[in-house]
Each structure stands twice: as C-alpha cells, then as structure tokens.
There are 2 protein chains.
Amino acid sequence: MVSQKIPNLSVDCVIFGYNGKELKVLLIEQKKISEQLKTQYALPGDLVEIDEDLDEAANRVLFELTNIKDIYLEQFQAFGNPVRVKEQKDSDWLRSIREFPEERVITVAYYSLVNIEDVAPKGSAFADHTEWINVKKVPPLAFDHDQILNHALQRFRSELVTKNIGFELLPPKFTLSQLQQLHELVLDKKLDKRNFRKSIKKIDHLEPLDEKQTGVDHKPAQLYRFNPKKED
Amino acid sequence: MVSQKIPNLSVDCVIFGYNGKELKVLLIEQKKISEQLKTQYALPGDLVEIDEDLDEAANRVLFELTNIKDIYLEQFQAFGNPVRVKEQKDSDWLRSIREFPEERVITVAYYSLVNIEDVAPKGSAFADHTEWINVKKVPPLAFDHDQILNHALQRFRSELVTKNIGFELLPPKFTLSQLQQLHELVLDKKLDKRNFRKSIKKIDHLEPLDEKQTGVDHKPAQLYRFNPKKED
DNA sequence: TCAAAAGTGTTGCATCTACACCCATGG
DNA sequence: CCATGGGTGTAGATGCAACACTTTTGA
C-alpha cells in the first residue's frame with residue numbers, strides 16, 4: 001500500500017553518529033537512474049504523509065533507514081527556498097521517484113544523535129544504500145542539503161554546551177575521556193581535562209558505575225552511564 | 001489578481017510591540033461569518049504562495065497587516081499537527097475563506113519586534129480588524145495559536161538575553177530606564193539599575209546622543225539610540 | 001621498568017550580585 | 001523646597017582558565 005503524500009512538504013533528518021574517533025552523519029546514496037549520472041549523496045528525507053505529524057514523519061524516515069525507533073529528534077529549521085529542489089543536478093533523480101517532480105518542496109529539518117553501534121544501515125526505496133560519512137569529509141550533497149547539514153551542526157554545537165546533550169552518541173557505558181573526546185571533536189577545540197571533569201560533574205543523570213575499563217594497556221578508567229532516572 | 005497558494009502550507013507571524021508599559025502582540029479578529037459565532041482572535045498568517053520563499057511570505061503577511069516592510073522576522077518553529085486546523089471552533093471560519101478548508105495545514109512560525117508607533121493596524125481580507133493586545137491578557141486563540149505564541153515568547157526571552165535584541169520595540173531615541181523596563185517586562189523580573197547599566201554598556205551599537213529627555217518633572221535622562229553602523 | 005592514559009587541587013582573574021546616596025528638574 | 005526618577009562605585013562571592021604530578025595497568 002502506498003500512502004498518500006503532500007507533494008510540497010518533506011522532512012529531512014540529520015543523524016549524527018560517533019565511532020570513537022570521528023563524528024559521522026548518515027547519508028543516503030541516491031539510486032542511480034542511468035550510468036551517466038554520477039552518484040549523489042543526500043540527507044535521508046521524504047515527503048510527509050497526508051495525515052502524519054511532522055515529528056512522526058521524521059521518526060518514520062529515521063526508522064526506515066536505520067531501524068531505530070522512538071528516539072528524540074529535534075526540529076531545528078524549515079527550509080523553503082522556492083527553487084531549492086529545482087537545480088539541474090537534482091531533477092533527473094526527482095523525476096524518477098516523485099509523482100510531481102516539478103513541485104517546489106518545503107522541508108522541515110530535524111537532527112538526532114544515535115549510537116552508531118545500534119545502526120545497521122540499509123537501503124530503502126530511494127537509496128541504493130546508506131552510509132556513515134565523516135562530517136569533515138562530506139561531499140557536495142543534493143538539493144540544499146549542505147546548508148541543512150551546516151545548520152544542524154551549528155545547532156548541535158550550541159545544544160552540546162548549553163544542554164549537555166551528546167550521551168546518545170556514546171556506548172551505554174563510557175569513560176570521561178571518551179566523553180571529553182566527543183566534546184572536543186564537536187566543538188573542534190582542545191579542552192582541559194580537569195576543567196572538563198569539574199564542569200560535567202555538575203550535570204545530573206551522570207552515574208559512575210562499579211566497573212572499570214578492561215583490555216587497555218594503561219590504567220583502566222572508571223565507567224559511567226547516562227541515567228535519566230537518576231536523581232543524584 | 002488572486003495568486004495561487006499551496007493548500008497545506010502557511011506562515012504565521014507573532015509580532016510584538018511595546019507601548020512603554022505593556023508588551024503587546026498584534027492579533028487579527030477573524031471576520032464574523034454569522035451572528036451566532038463569537039469573534040475569535042488569531043495570529044496574522046496566510047497560506048504560502050506557490051513560488052514564494054517562506055521569509056517572503058512572512059514579510060508579505062506582516063506588510064499586509066501593518067504596512068511595515070523589510071524588517072527582520074525570525075523563523076522559530078514549524079507546527080505540523082495534522083489536526084491543528086480541524087477543531088470545531090475553527091472550521092466555519094476556514095470554510096468561509098479557504099478554497100480547500102478541510103486540508104491539514106502545516107505552518108511555519110516567525111516572530112518579529114516592531115515599534116508600536118510605526119503601526120497603524122488595519123483590516124485585511126481575512127480580518128475585521130487588527131488589534132494590539134497585552135500578551136498577559138490574550139484570549140484563547142484560533143487553531144494552535146496559543147501554543148505558537150508561547151513558543152515565540154520563550155524564544156524572544158532567550159534571544160533578549162543572549163543576543164540583546166529588543167531595541168526595535170523602543171522609539172528611535174530612548175532612555176536606559178525605558179530599555180530596562182522593557183527587559184523587566186519581557187523577563188518578568190526586577191533588574192538592578194546599576195548592574196543593568198553595566199551589562200548593557202558592553203554591547204555594541206548603543207550610542208548616547210547629545211540630547212536629553214524633555215517635559216518630565218524630574219531630572220531628565222540621557223537619550224540613546226541603537227545605531228547598527230556604529231563601531232564604538 | 002616503561003609507556004600510556006587516568007585521575008586529582010589550587011591560584012589568579014574576570015564576572016556577577018548586592019547595595020545607598022547625591023543630582024537635576026518641574027511644580 | 002519637595003517629589004521624582006536619573007545617575008554613579010565598591011566589596012564580596014562566584015565562576016572560569018591555567019597549570020603538573022602521581023597512579024594503575026599491560027607489555
């Protein structure tokens with residue numbers, strides 16, 4: 001069954017992941033229409049269904065691509081340039097997948113943080129496959145997705161410092177050094193170890209475990225987890 | 001000439017003004033369809049035209065209602081509940097003005113600050129008239145506009161402190177006490193006069209004039225203006 | 001015993017808060 | 001000369017940045 005879609009309205013999702021070394025973003029490789037076309041990457045997104053909430057649509061797109069369900073997606077901006085999907089580079093592909101490929105499309109953009117281990121990227125109706133790509137090495141994207149990705153990164157950075165989000169990118173048990181590395185990567189600057197620890201020890205829901213790192217050839221670190229239920 | 005509109009997409013504008021005493025928001029009174037219906041207020045908004053940028057649409061709505069042109073409107077959130085325009089209270093009115101009144105409508109919300117003196121509210125195609133209403137005394141609004149207004153207020157508060165916006169609400173020449181009163185009103189708390197002055201004197205583009213208040217029965221205050229060109 | 005990362009406190013500086021009196025004007 | 005809001009500084013508390021050494025483990 002094909003559900004009915006609003007021809008002018010889509011959601012796009014910027015899904016960040018972290019492998020311990022690099023901040024990555026989940027991109028789809030657009031299905032190749034003909035051999036002449038070179039492959040183009042894009043953010044996962046889709047038209048919104050006729051009776052679907054925006055948040056629901058974003059979750060659906062995320063689920064279709066990653067099998068991840070019920071995580072928080074932050075809506076950060078709507079992009080509505082009337083020609084944002086009308087560049088030459090995008091029209092062939094749109095003609096192959098859309099019922100009304102000439103329509104202008106407004107998109108509502110969401111971002112989300114996931115544990116990269118939880119995701120087994122897979123193909124979908126629109127995409128040959130999905131791929132985790134280092135945010136510092138993202139090729140030019142379809143539509144205005146470069147711009148959307150940049151906005152997402154900015155928003156992520158500012159929420160990382162103001163709201164101390166970011167635990168979602170780490171494995172369930174992590175060390176403070178891992179957390180610090182993640183912050184350094186996202187903010188693109190070195191942080192002082194002692195000051196970092198002082199500042200994050202203030203935040204709630206960060207719980208030390210009775211457990212240490214194993215299998216490292218140096219002093220094993222205390223493991224922590226992020227526990228939203230913890231009162232502290 | 002009637003321009004073609006996208007049936008599922010609108011913009012709504014939360015326009016704040018300040019009269020020296022109260023923070024106000026510009027609302028439209030929906031045209032009365034029949035004598036039975038009670039008047040309902042709503043945020044100014046309209047469907048987006050088929051080739052119109054979102055920002056452009058917001059500016060058009062603002063202009064149609066206030067004759068104000070070319071001011072900055074901040075997009076803050078898209079609202080896309082599929083039933084947000086389908087409550088009983090709103091359906092009669094929609095049937096009277098919309099070509100497709102049963103369609104679900106996603107709206108992109110903007111907020112803006114204007115000098116209340118510059119606005120001569122007037123009627124429009126949809127509204128009997130427009131009215132400045134104290135934000136603390138806003139009646140229940142059409143659609144989900146209460147929620148939109150609340151989000152706008154929150155965003156305005158946070159940008160007032162982080163970005164020191166707010167001058168747009170004052171007359172071109174103002175005293176520091178007027179600026180302080182505005183901040184106190186928006187943030188809903190008393191501020192210390194000396195500390196307030198210290199903090200705002202750090203911000204750029206605030207320029208003391210060679211001019212003082214007149215016509216007051218106390219020591220006349222220094223006048224300032226906000227001058228975005230000033231380097232300082 | 002060596003290498004590698006974990007872990008831990010203090011000091012100076014900048015920022016924020018609290019607080020009270022004199023000044024200029026109009027009536 | 002009185003009432004009214006305008007205008008100003010300081011001291012204490014708090015928060016942030018800089019900085020170096022000891023510990024624990026595996027190899």
Side-chain angles (χ1 to χ4, degrees), chain A residues 18-22 157-158 160-164 167 170-204 206-226 232, chain B residues 18-22 157-158 160-164 167 170-204 206-226 232:
Chain A
Y18 176 60
N19 66 356
K21 288 211 185 80
E22 298 162 328
R157 287 197 184 105
S158 89
L160 180 74
V161 292
T162 60
K163 302 188 190 158
N164 267 300
F167 300 103
L170 294 169
K173 299 173 181 180
F174 52 86
T175 70
L176 296 185
S177 292
Q178 286 168 343
L179 184 58
Q180 181 176 348
Q181 279 161 35
L182 172 60
H183 279 238
E184 289 178 343
L185 186 63
V186 174
L187 304 177
D188 197 25
K189 64 177 176 194
K190 277 273 158 207
L191 299 172
D192 179 88
K193 184 161 52 158
R194 280 176 284 195
N195 293 338
F196 178 76
R197 283 165 187 240
K198 260 177 278 178
S199 74
I200 62 129
K201 273 176 179 162
K202 270 181 259 174
I203 73 178
D204 296 338
L206 184 58
E207 189 178 59
L209 301 170
D210 293 329
E211 209 173 330
K212 303 204 163 195
Q213 229 178 1
T214 54
V216 287
D217 77 337
H218 55 74
K219 177 172 174 179
Q222 171 76 246
L223 289 171
Y224 287 77
R225 69 169 173 173
F226 181 67
D232 224 5
Chain B
Y18 176 60
N19 65 356
K21 289 212 183 76
E22 298 163 326
R157 285 197 185 104
S158 87
L160 181 74
V161 291
T162 59
K163 302 191 191 157
N164 268 298
F167 300 103
L170 294 169
K173 299 172 182 181
F174 52 85
T175 70
L176 296 185
S177 292
Q178 286 168 341
L179 183 58
Q180 181 175 348
Q181 279 162 36
L182 172 61
H183 279 238
E184 289 178 342
L185 185 63
V186 174
L187 304 176
D188 199 25
K189 64 176 176 194
K190 276 275 159 206
L191 301 172
D192 178 87
K193 184 161 48 156
R194 281 176 285 195
N195 294 338
F196 178 76
R197 284 167 188 237
K198 260 177 280 178
S199 74
I200 61 131
K201 275 177 178 159
K202 269 182 263 174
I203 73 177
D204 296 336
L206 184 58
E207 187 177 60
L209 301 170
D210 293 328
E211 211 174 330
K212 304 205 160 193
Q213 230 178 1
T214 54
V216 288
D217 76 337
H218 55 73
K219 177 173 173 178
Q222 172 75 248
L223 290 171
Y224 287 76
R225 69 168 172 173
F226 181 67
D232 223 4

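Please read these numbers as outputs of a predicted model, since none were measured by experiment. Convention: sequence-line order gives letters A, B, ...; per-chain numbering from 1.
For the ring-ring contact (aromatic ring centres under 6.0 Å, His included) test, no residue two or more places apart in sequence or in another chain qualifies with B:Tyr224. Judged as a side-chain contact (heavy atoms from CB on, under 4.5 Å), and not counting sequence neighbours, the contacts of A:Ser177 are A:Thr175, A:Gln181, A:Arg197. Every residue two or more places apart in sequence or in another chain that forms a side-chain contact (heavy atoms from CB on, under 4.5 Å) with A:Leu185 is listed here: A:Tyr18, A:Leu23, A:Lys136. Considering only residues two or more places apart in sequence or on other chains, B:Lys173 meets the side-chain contact (heavy atoms from CB on, under 4.5 Å) condition with B:Leu209, B:Glu211, B:Leu223. Remark: A:Lys190 engages A:Glu184 in a salt bridge (charged side-chain N to carboxylate O under 4.0 Å, His left out) (not counting sequence neighbours). Residues that satisfy the side chain to side chain donor-acceptor pair (under 3.5 Å) test with B:Lys163, not counting sequence neighbours, are B:Glu159. Not a single salt bridge (charged side-chain N to carboxylate O under 4.0 Å, His left out) links A:Lys202 to another residue, sequence neighbours left out. Under the salt bridge (charged side-chain N to carboxylate O under 4.0 Å, His left out) criterion, A:Lys21 pairs with no residue, sequence neighbours left out. The side chain to side chain donor-acceptor pair (under 3.5 Å) search around A:Lys193 returns none, not counting sequence neighbours.
Following rounding to the nearest Å, A:Lys201 (NZ) and C:dG9 (C1') show an atom-to-atom distance of 12 Å. Whole-Å rounding puts the A:Ile200 CD1 to C:dG7 P distance at 11 Å. Remark: P of C:dT10 and NZ of A:Lys198 are 10 Å apart, rounded to the nearest angstrom. If you take CZ of A:Phe196 and P of C:dG9, they are 18 Å apart, rounded to a whole angstrom. Between the CG atom of A:Asp192 and the C1' atom of D:dG15 there is a distance of 15 Å, given to the nearest Å. Note: CG (A:Leu223) to C1' (C:dA5) measures 14 Å, nearest angstrom.
In this structure, NE2 on B:His183 lies 8.0 Å from OG on B:Ser199, to the nearest 0.5 angstrom.
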**OP:** Report, as a single string ordered 5' to 3', how protein heavy atoms within less than 4.0 Å touch nucleotides 20-27 of chain D: B base, S sugar-phosphate only, - not at all.
**Re:** B--BBBSS
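Residues of residues 176-190 of chain B having a heavy atom closer than 4.0 Å to DNA chain C: none are found.
Classification of the A:Phe167-A:Phe226 ring pair by plane angle, with boundaries at 30° and 60°, yields parallel.
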Would you tabulate the pairs of protein nitrogen or oxygen atoms and nucleotide nitrogen or oxygen atoms of nucleotides 14-16 of chain C closer than 3.5 angstrom?
residue, atom, partner, partner atom, Å
C:dC16, OP2, B:Lys202, NZ, 3.3

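No contact: B:Gln213 has no heavy atom under 4.0 Å from any strand.
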